[in-house]
Structure formats: structure tokens, C-alpha cells
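Only one structure is covered here, and it is reproduced in the block below.
Computed from a predicted structure; not experimentally measured.
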Amino acid sequence: MSQLVCFSSQPQLREPALVVGWRVDAGELGTRVTDYLIRKLGGQPFCSIEPVEFFPLGGVAIENDLVQFPETRFYACPESDLVVLQSTPPSYEWYRFLNLVLDVAQHCQVKELYTVGGMVALGAHTTPRQLWGTPNSPELKRTLSQYQITRDLNYETPPGQRPTISSFLSWTAKRRNIPAANLWVPIPFYLLPVTDPRAQKKVLEFLNLRLGLHLDLSDLDEAIRQQTEKLDRMRTSYPDIDRSISRLENNIGLSEEENQRLVRQVEEFLREKGD
Amino acid sequence: MGARLYLEPELNQPDMLVGWPGIGNIGLITMDTLRQELGAELLGEIEPWDFFYPTKVRIRNGVLDSMEFPANRFYYKRLAHKDLLFFIGEEQPSGRGGPYAEGNRAYEMANLVLNVAEKFGSRRVYTSGAAVALTHHALKPRVWAVATTERLLAEVKSQANTIPMSQVEGRGGQGNITGLNGLLIGVAKKRGLEGICLMGEIPDYLSRVPFPYPKASQSVVEVLSGILRVSVDLSVLQDLASQMEEVIENMYRQFPAEIRERLEQRRQVPQPGSAITEEDEKWIKEHIDEFFKKGDRGV
């Protein structure tokens, strides 16, 4: 094992699954889902990857007066036989970094790996959330088809864009014969700066079933109820917001300016109301 | 990590020609034009995943099928008097996020390329790049030359339109070749190989614009084909250069009159000491995007 991988303990795990959330993600879905798993399942950090080869360390980033430092930390939840990884996506030496992640996974005898990520959706928040899973092998696709998260989708990264770090990890895992799937939930664009508990619940429902986690998700139901109430109140109080959301509900797109206004108004309103 | 060769042809002391992207993609276009026009055949590649972030993911029937990376390919061509090897890299491995390679990965890649060169008996390596110059886009770009030995430099500078870097006005014999097009000849020197870098002139006011400058590549191809004693059809490159000339002229006409007036002084000969001012550079930089937003000038 590379000296860049630091174990603080060796948790007792059988054949765990690994759930990965990146710190940079649409709607922070990966971070929120992995935070939830760590909190609810009593995850304890047991391993980290040193940042020195993978991140620019010429200083430190500050965000809203808080120091940001790249972190790659594994948490163990032995009772649920689960490993959770929270990490800043590396800035360079990606393949080497991803192989270190998989070295840790194989050290822990991980049987399958899931990444969690948000996608930007142009629809309204009232549209039911969908979970899309992209497995890295036909065998895993067959297994996951019972959860109705796979599609017979054909896709290529459009010119000018690059694949996500989750796809890169899944491909690297495929080269090492580790079953992996990227889980994606489209998140309404105006909820990206705040939070989307519906999207979180969608992922957690799947993980609950697939990994037998026995999580009680009623707190997320309550968060969804509260957010829905606030958004309803906002629509009643601000007719222009209501008009914009109604148009989205009827699959009528907004102009860029209208999009930006909606994002700003929703963020201001929900933050004011403590969301 | 390494080079994967699909073939093992027997080659007669091939010279190696290497091109990576850079300013105006002058080096890349130069070497790729020679490769295409001479009909060089695919020989192998450098496994890319250690060096690059992927460019494309392919999902087939809902399953992650494959990843595409920037291509880094070797080619070869047998000629009557001397064989050639080519290495064409679509991207420079970015060590620390910048556009040019540096550090360990750049050094590793340079050595991988030279390992293949030496495996086939190559003793000489050519790279190419951009020479940012106080020139005008209406002038024929000269080719600046540097080499690993005096004897080699003497050989190169005998070619028409070629000037050793030390004789370029106002440089005082000093200079630097950024990225792998420069590093490779440094590593070649370390390994006792002959190395030559030929740089096509690009006007300083075009050095930051996001489009190729094939006119300079044309100058370098002319020099290289002279050195290598090969005949190359330049018509495709000339067409590309003409198209770009129109784009550049359109952009140039929109420069403020005072900037244009200063640049016009260069039309006769490149003038030492007439670099664009900081203000000129700022103006061009701030307006570059506008030139490309308008559809008729898009590239």
C-alpha cells in the first residue's frame, strides 16, 4: 500500500459496499448523502489519502470565512458492513489517485462500489425525482435492474465537456474487476444552491434496499414536507415565482435571465426561512 | 504505464518528429501535416491514463463501456534515403493544471517518446513550436531554430527563411521553450541524441487568441521538408492558412485605430522594440471573446 494512504485503524468488515460522495457536486448531493450515512450509521474515520501529490497546496482556499482544505477520508460503519468515502476531487494525477481509492477498497474487500452525484435538471421541484444508475458491467446491470434504476441509455460526453470523476472512478474500477455503478439524481436547478431532500431520499431509499441498511428515513420525509410548505408559501406570496415554476411544470423553458432570477429568489427565500 | 507498439518494423536510422499542442498549435499542425502528407502508418501509442483526464465516456445500453483519452500516437514512414518516426500528442500532460507540461509527468512522457525513438535506432529528434515575435500577420513567418550542438545548428540555419534564436532582434541570445516541445530536446541532449526545435513566428497580438496559426506551420514544414529532403504537398495547409487569414483580418479591422497604426509599422519588416503596449495587450485580451461570439467570425 502506498505511503500516501494512512490507516488509523482496521475496522472489522466482511464484504462491505463502498459509497463515494465528492465534495464538489451539483446540489452537494454526494456530500449530503454520505454525511447522512455517516451520521445515521455511526461511521468512524479509519483511513485517509494524503493530499500532497493530488492537490495544489500553494495556500489555502477560504469560503465564507472558513478554511477549505482538500480531504479524502474513509469512514467505516461495521454494523452495516459499509465503507463511506468523502473526498475532494483531485486536481491532477487522477488515475493514480483513483487507484489509491481502489487499493483501500480492495484492502477492505469491498464487493461493490457506488458513487452518488447530482445532475442539473431544468424541470420543476414538483416533478418526482428519478434515480439513474450506470453500472460498469452488464452483470451489475442485470443485478440492479430489479431496482428499476438502469436504462438502455446510449451516451457520449459532448464535445467541449469532460467526463465526471465518478465515471473515471467507475471505469478504473472496471479495469480492476470491481463492480461499480454511478448513481445520479436530476435536481431542479433552482434547488442547487440550497438542498434537495427529495433527491437525497431517492438515493438513500435505493441504498437502504440494496445494502440492507435498515435506515429510518422519516427525518427526510419531514425535511421534504417542510421544504414543500415553504415553496408553496413562496408561490402564494410571489406571483412571478409561481408563474415561472408553473411554466416549468408545463415543460415551458425559461429564459436565462428568468432562470437566474428564480434561482436567486428561491435561495433568498429558503435561506431566510432557515432552509 | 508505457508505450504500446502494434508493430515492430525494421527502420533505417529514423529521425523522429514530435508535435504537441501549444501557441497557435504551430508545432502540432507542422508535424501532423508532414505525417499525413507522407502517409505515415500507425505504429503504437503511449498508454494515456497516467497522464491525462479522459475526454469522453461512452455508455452503451446503460453500461459504462469505455473511456476515451487524448491520443498520443507513434507513426512511421519508410523513405528511400532515411526513415521517419512521428509522435503526435493531442494534449500535453498537465502536471499542475496549466496548459503546458511540467514536472515528473512531462519528464516521464519525454523519456517514453525517446525510448521508442532509440528502440528503432533514431539518433535525431525534431520538435516544433511557436516563436512569439514582433511581426505582422501579413508577413511570411520566419523559423527560429535551436539545436543541441553547434554543428547541428549550422546545418539547420543553412535552410532558407531560418534564423538561429540568438540572431533574433532584441533577444540577447536568451530564450525559453515552454512545455514538451522544449523539454523533449533537453532530454534528448541528456541522452546524447541530436535535437532540433523549429519555431514558426506568430505575431505577439495573436499569441493568446484561441485559434491555430497555420501560416507559421507552413513556414516550418517548408524548412523541415528541406532538411529531410522530402516533397510535401502544402495545398491543404495553404487553404487552412487562407481561411485563418480572413478570420485574422476581420479581427484586425476591429482593433482600435491607434493599435492598428502601431502594428502597421511592422508590415515591412519585423521591428525590434515595437512590442504591443500593455494597454494594447489588455484591450486585445478583453475583446478576444467578442470576436468569436459573432457567428460569421467563428472558427
Side-chain angles (χ1 to χ4, degrees), chain A residues 52-58 89-99 113 115 132-145 148-176 178-184, chain B residues 1-4 21 25 45-72 89-110 112 179-180 183 210-212 288-289 292-293 295 298-299:
Chain A
V52 67
E53 306 271 335
F54 310 106
F55 299 93
L57 299 176
S91 301
Y92 24 73
E93 294 286 323
W94 309 275
Y95 186 66
R96 190 163 155 234
F97 178 90
L98 297 175
N99 271 300
L113 181 160
T115 68
W132 297 354
T134 308
N136 68 356
S137 71
E139 295 74 28
L140 186 58
K141 184 186 173 191
R142 270 193 294 280
T143 306
L144 296 182
S145 61
Q148 293 166 345
I149 63 165
T150 54
R151 311 271 188 288
D152 288 333
L153 166 86
N154 289 322
Y155 170 85
E156 283 189 8
T157 312
Q161 293 181 26
R162 294 272 171 143
T164 61
I165 191 75
S166 291
S167 295
F168 200 178
L169 175 61
S170 186
W171 177 82
T172 310
K174 183 184 174 122
R175 284 173 62 84
R176 293 175 62 158
I178 300 172
N182 302 132
L183 305 175
W184 303 104
Chain B
M1 172 174 47
R4 191 149 39 114
N25 273 351
E45 64 173 334
I46 288 180
E47 290 177 338
W49 33 85
D50 278 303
F51 295 100
F52 300 103
Y53 196 86
T55 51
K56 190 184 275 187
V57 60
R58 258 192 214 93
I59 295 166
R60 292 277 174 266
N61 293 321
V63 176
L64 192 151
D65 180 62
S66 60
M67 240 353 144
E68 206 171 278
F69 291 80
N72 290 271
E90 270 184 8
E91 263 184 37
Q92 298 210 17
S94 51
R96 291 292 180 263
Y100 299 112
E102 57 173 290
N104 290 350
R105 288 296 183 207
Y107 188 61
E108 277 171 41
M109 177 157 279
L112 283 173
L180 268 163
L183 179 67
F211 51 60
I288 284 296
D289 285 347
F292 295 96
K293 273 180 194 158
V299 181

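Neither the backbone nor the side chain of A/Thr172 comes within less than 4.5 Å of any heavy atom in chain B. At a 4.5 Å heavy-atom cutoff, the contact between A/Ile165 and chain B is made by backbone and side-chain atoms alike. Looking at A/Asn99, neither its backbone nor its side chain comes within 4.5 Å of chain B, counting heavy atoms on both sides.
Of the options B/Tyr107, B/Phe52, B/Tyr53, a side chain to side chain contact (heavy atoms under 4.5 Å, CB included) to B/Pro93 is made by B/Phe52 and by none of the others.
Checked by atom type and distance alone, the side chain of B/Gln92 pairs as donor or acceptor with a backbone atom of B/Leu180 at under 3.5 Å.
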Name the atoms and distances for all side-chain donor-acceptor pairs under 3.5 Å in residues 61-69 of chain B, with sequence neighbours left out.
residue	atom	partner	partner atom	Å
B/Ser66	OG	B/Arg58	NH1	3.4
B/Glu68	OE1	B/Arg58	NH2	2.4

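Side-chain contact check for A/Pro56 versus A/Tyr92: some heavy-atom pair is nearer than 4.5 Å.
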